[in-house]
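Here is the structure we will look at, set down as C-alpha cells.
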Protein chains: 2
Amino acid sequence: MSELIARSLTVGNVAGISGVSVRTLHHYEKIGLLVPAGRSDAGYRLYSDADCDRLSRILYYRELGFPLDGIATLLDDPQQDRYEHLERQRTLLRERLARIQAMVASLEREMEAHMTGYNLTPEERLDVFGDFDPAQYEDEARERWGESDAFKQSQARARSYTKEGWKAIQAEMDRFNGLFVKAMNAGTPATSQAVMALAEEHSQHISRWFYECSYEIHRGLGTMYVDDPRFTANIDKDAPGLAAYLREAIVANADRAES
Amino acid sequence: MSELIARSLTVGNVAGISGVSVRTLHHYEKIGLLVPAGRSDAGYRLYSDADCDRLSRILYYRELGFPLDGIATLLDDPQQDRYEHLERQRTLLRERLARIQAMVASLEREMEAHMTGYNLTPEERLDVFGDFDPAQYEDEARERWGESDAFKQSQARARSYTKEGWKAIQAEMDRFNGLFVKAMNAGTPATSQAVMALAEEHSQHISRWFYECSYEIHRGLGTMYVDDPRFTANIDKDAPGLAAYLREAIVANADRAES
DNA sequence: GCTTGACCCTCACCTAACGTCAGGCGGTAT
DNA sequence: ATACCGCCTGACGTTAGGTGAGGGTCAAGC
C-alpha cells in the first residue's frame, strides 16, 4: 500500500467549493447530518473526501426539497447503496424537470391568453404545477399542436420575444381581427380569394412569431376557435359569428393550398 | 355593459385549486402579500379573480426561490406591467432549467465515474450546480465526446438503466479489464489481431450501453485514458502500463477498421 | 519577535415561512 | 335540533439557517 495522503479541507474550503455557507456546515454538524472526519489541533473542522461526497448527496436531496432529517435517514440507511441514490436522484430530477416544464407550459398558456385577450378562469390560472402528469401533458401538447416539433418551436421562439416583438404581435393580431371583421361585415364570403389570402397571412404571421404553422395545425386552430367556448366568446365579443367565419376561411385556405 | 358576476372563492376553495394551505393564505394576508378582495357577512375571506391572478404570480416567484417580501415589491411595483413579469418569469425558468440540467450532468458524471471506478476530486463532486454556464458546458461535452449527438444518446441511455443493467455493465467492464491485463501480461502486442478484436468489443460494449461509439470517439477515449491522470491512475492501479496499452489497442483497431 | 488580516471556534439570539393546535362562530343538510 | 364541516383568530412550534459577539489561530511581512 502506498501512503494515503487524505487531503482534508477546512470549513471555508468546503463552503467555497460547494457554495453553501460556513454556518450551514456548522448547522449540519450540529444536527448530525454531516460530521467532519476530524479536527485539527486548534479545533478546526477537517473534512475528508468522503465528507465531500456525502455533502454532495446532501445538496442534491436538499435542492430537491427534502427536509434535512429526511436526508439523514436516506443517507444513513444501510440498505441503500450508491446506485440506489443515483437512481432515485435521477427520478427526482426528472420529476423536477417535468415541474419546470409544467410551469413553462402554464406561462405560455398565459402569454397566449394575454395575447389573444381571453381571460383565464382562476382554476386555469392556478394550475401552475399541481397534479402534473408528464405523459398526459405531452399527449395534450401533441394533440393540441399536431406534432411535437411545432410545439418545441413555439417554446423556442417564445423564449426569444422582445418586448417590442410582443407589442407588435398584439397589434398585428388586432389588425387581423379588424380585417376579418370588415370582410365579414361587408358580406364577403369566407371562401373568397381575398379572405383566404387573409387566412394565409394569418398562418404566416403565426409561423413568423410562434411556430411553424402547418395547414394541419392552422386547421386545428380554426376548429379550436369554434369548439373552445372561451376562444369563441372572446373572438365573437366584438363581432358575433367571427369565430365561425375565421374557421371557414382557414379551412378553405388550407384545403386550397394542399390540393 | 353586461352585469359582472365576479365569482368569489373562500380560502378553502383557493387553497384547493392552488395547492397551497389555508394557513399559507392566512399568512399571506397577514404580511400584506395577498389581501382578499373582501369578506362575507360572517367574516369569511372572499378571493376575486384578480386575487387568484396575483396568487398565481406569487406562486411562480415563490417556486423560483424569491422571499415573500421581495415578491411583494415585485408585484406592487407600478412600473411593471404584465409583460414584464412574463418576461422575467421566463428568464428565471430558463435559469432553473439550466440548473437542473447541470445537476443531471453532474449526476451522469458521477454515474460514469462510479462505473469506470475513478474517484472524483471533492471539487468535481461538489460542483453540482454552482456557476454553471450552459454554453461552456456544451462545449466541454462536445469537445469531450466529439459530437453532441453521441452525448445526447449517452444521456438518453443513462436515463434508462436498470439496476441489473448497471451491475452487468460494471461486471462487463471488469471482464474487459481482466482480458486486457491478461493479454498485456502475456506479452501479446496491443496491435495484434486478438487485442484489436478486444478493443472492437470494448467499443461495441460502449455503444450498447452508453452511446454510439464511433471510432473517432473511441480514439478520444483511449487518448483520455492516457492524458487524464485520474483515468490513468485508476486504470494503471492494478496493472501499470495498462492505460497506454489500451490506448494503443484502441487506436490500432480504429485505424484498421477505417482503412 | 510582533503585528495584521484572514480564517476558525463556540455560544446565542433572530428570522422566514409556514405547521399545528385551541377555542369558538356560521351555515346547512338531515 | 343536532351534527358536522368550513371558517375565524390567536398563539406557540419548527425548520433551516442568518447574524453578530467575543475570542483563539495561522501565515505574511516588518
Side-chain angles (χ1 to χ4, degrees), chain A residues 7-48 51-52 54-75 128-130, chain B residues 7-48 51-52 54-75 122 126 128-130:
Chain A
R7 212 162 27 125
S8 29
L9 309 167
T10 67
V11 259
N13 297 148
V14 176
I17 57 183
S18 70
V20 308
S21 71
V22 170
R23 177 67 231 271
T24 299
L25 292 173
H26 286 178
H27 185 56
Y28 289 176
E29 181 177 359
K30 193 164 299 168
I31 65 173
L33 179 56
L34 178 65
V35 180
R39 295 284 186 129
S40 77
D41 289 349
Y44 287 22
R45 275 163 255 257
L46 295 178
Y47 292 86
S48 69
D51 293 332
C52 292
R54 187 176 171 91
L55 178 56
S56 132
R57 270 167 234 293
I58 292 172
L59 295 183
Y60 260 102
Y61 286 122
R62 187 185 69 164
E63 172 77 12
L64 294 169
F66 281 75
L68 297 186
D69 62 350
I71 297 178
T73 59
L74 270 178
L75 292 180
V128 182
F129 17 66
Chain B
R7 212 161 28 122
S8 29
L9 309 168
T10 68
V11 259
N13 297 149
V14 176
I17 58 182
S18 71
V20 309
S21 72
V22 170
R23 178 68 231 276
T24 299
L25 293 172
H26 286 177
H27 184 56
Y28 288 176
E29 181 177 358
K30 193 165 298 166
I31 64 173
L33 179 55
L34 178 65
V35 180
R39 295 285 186 129
S40 77
D41 288 349
Y44 286 21
R45 287 169 180 81
L46 294 178
Y47 292 86
S48 68
D51 293 332
C52 292
R54 186 176 171 92
L55 177 57
S56 133
R57 270 167 234 292
I58 292 172
L59 294 183
Y60 261 102
Y61 286 122
R62 188 186 68 166
E63 172 77 12
L64 294 169
F66 282 74
L68 297 185
D69 61 350
I71 297 178
T73 59
L74 270 178
L75 293 180
L126 288 173
V128 182
F129 16 67

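In the text below, chain A, chain B and the rest are named by the order of the sequence lines, each starting its count at 1.
In this structure, the side chains of B:I58 and B:Y28 come closer than 4.5 Å at one or more pairs of heavy atoms. Put simply, the side chain of A:L9 does not reach to within 4.5 Å of the side chain of A:L46, judged on heavy atoms.
D:dA16 atom P lies 13 Å from atom CG of A:L59, rounded to whole Å. Between the C1' atom of C:dA17 and the CD1 atom of B:I31 lies a distance of 8 Å, rounded to the nearest Å. When the C1' atom of C:dC18 is taken as reference, atom CZ of B:F66 falls 20 Å away, rounded to whole Å. Atom CG in B:L34 sits roughly 15 Å away from atom C1' in C:dC18 (whole-Å rounding). For the pair B:Y47 OH and D:dC8 C1', the computed distance is 12 Å after rounding to whole Å. Between the C1' atom of C:dA16 and the OH atom of B:Y61 lies a distance of 20 Å, rounded to the nearest Å. Between the C1' atom of C:dC18 and the CD1 atom of B:I71 lies a distance of 13 Å, rounded to the nearest Å. Between B:L55 atom CG and C:dC18 atom C1' the separation is 15 Å, expressed in whole Å.
Each of B:K30 and A:L68 was assigned the nucleotide of DNA chain D with the nearest heavy atom; the assignment lying further toward the 5' end belongs to B:K30.
Between the side chain of B:D51 and the backbone N or O of B:A37, at least one donor-acceptor pair lies under 3.5 Å. No side-chain donor-acceptor contact under 3.5 Å links A:T24 to the backbone of A:V20. A distance-only check finds a donor-acceptor pair linking the side chain of B:R54 to the backbone of B:L33 [under 3.5 Å].
In terms of phosphate contacts, B:R45 brings a side-chain nitrogen or oxygen within less than 4.0 Å of OP1 or OP2 of D:dT9.
In this structure, A:R23 does not pair ionically with A:E29, as no charged nitrogen and carboxylate oxygen lie closer than 4.0 Å.
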Given the rule in the side-chain contact (heavy atoms from CB on, under 4.5 Å) test, do B:L55 and B:L59 qualify, once you have shown the distances and angles that lead to the verdict?
CA-CA 6 Å; B:L55 177 57; B:L59 294 183; 4.0 Å; yes
Apply side-chain contact (heavy atoms from CB on, under 4.5 Å) to B:H27 and B:L68, showing your working.
CA-CA 10 Å; B:H27 184 56; B:L68 297 185; 4.1 Å; yes
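For DNA chain D, the residues of residues 21-29 of chain A within the heavy-atom distance limit of 4.0 Å (strictly under) are A:S21, A:R23, A:T24, A:H27, A:Y28, sorted by number.
Applying the side chain to side chain contact (heavy atoms under 4.5 Å, CB included) test to B:V22 and every residue at least two apart in sequence or in another chain returns B:V11, B:A15, B:H26.
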Detail all sub-3.5 Å separations between protein N/O atoms and N/O atoms belonging to nucleotides 24-27 of chain D.
{"unit_1": "D:dG24", "atom_1": "N2", "unit_2": "A:Y44", "atom_2": "OH", "d": "3.2"}
{"unit_1": "D:dT25", "atom_1": "O4'", "unit_2": "A:Y44", "atom_2": "OH", "d": "3.3"}

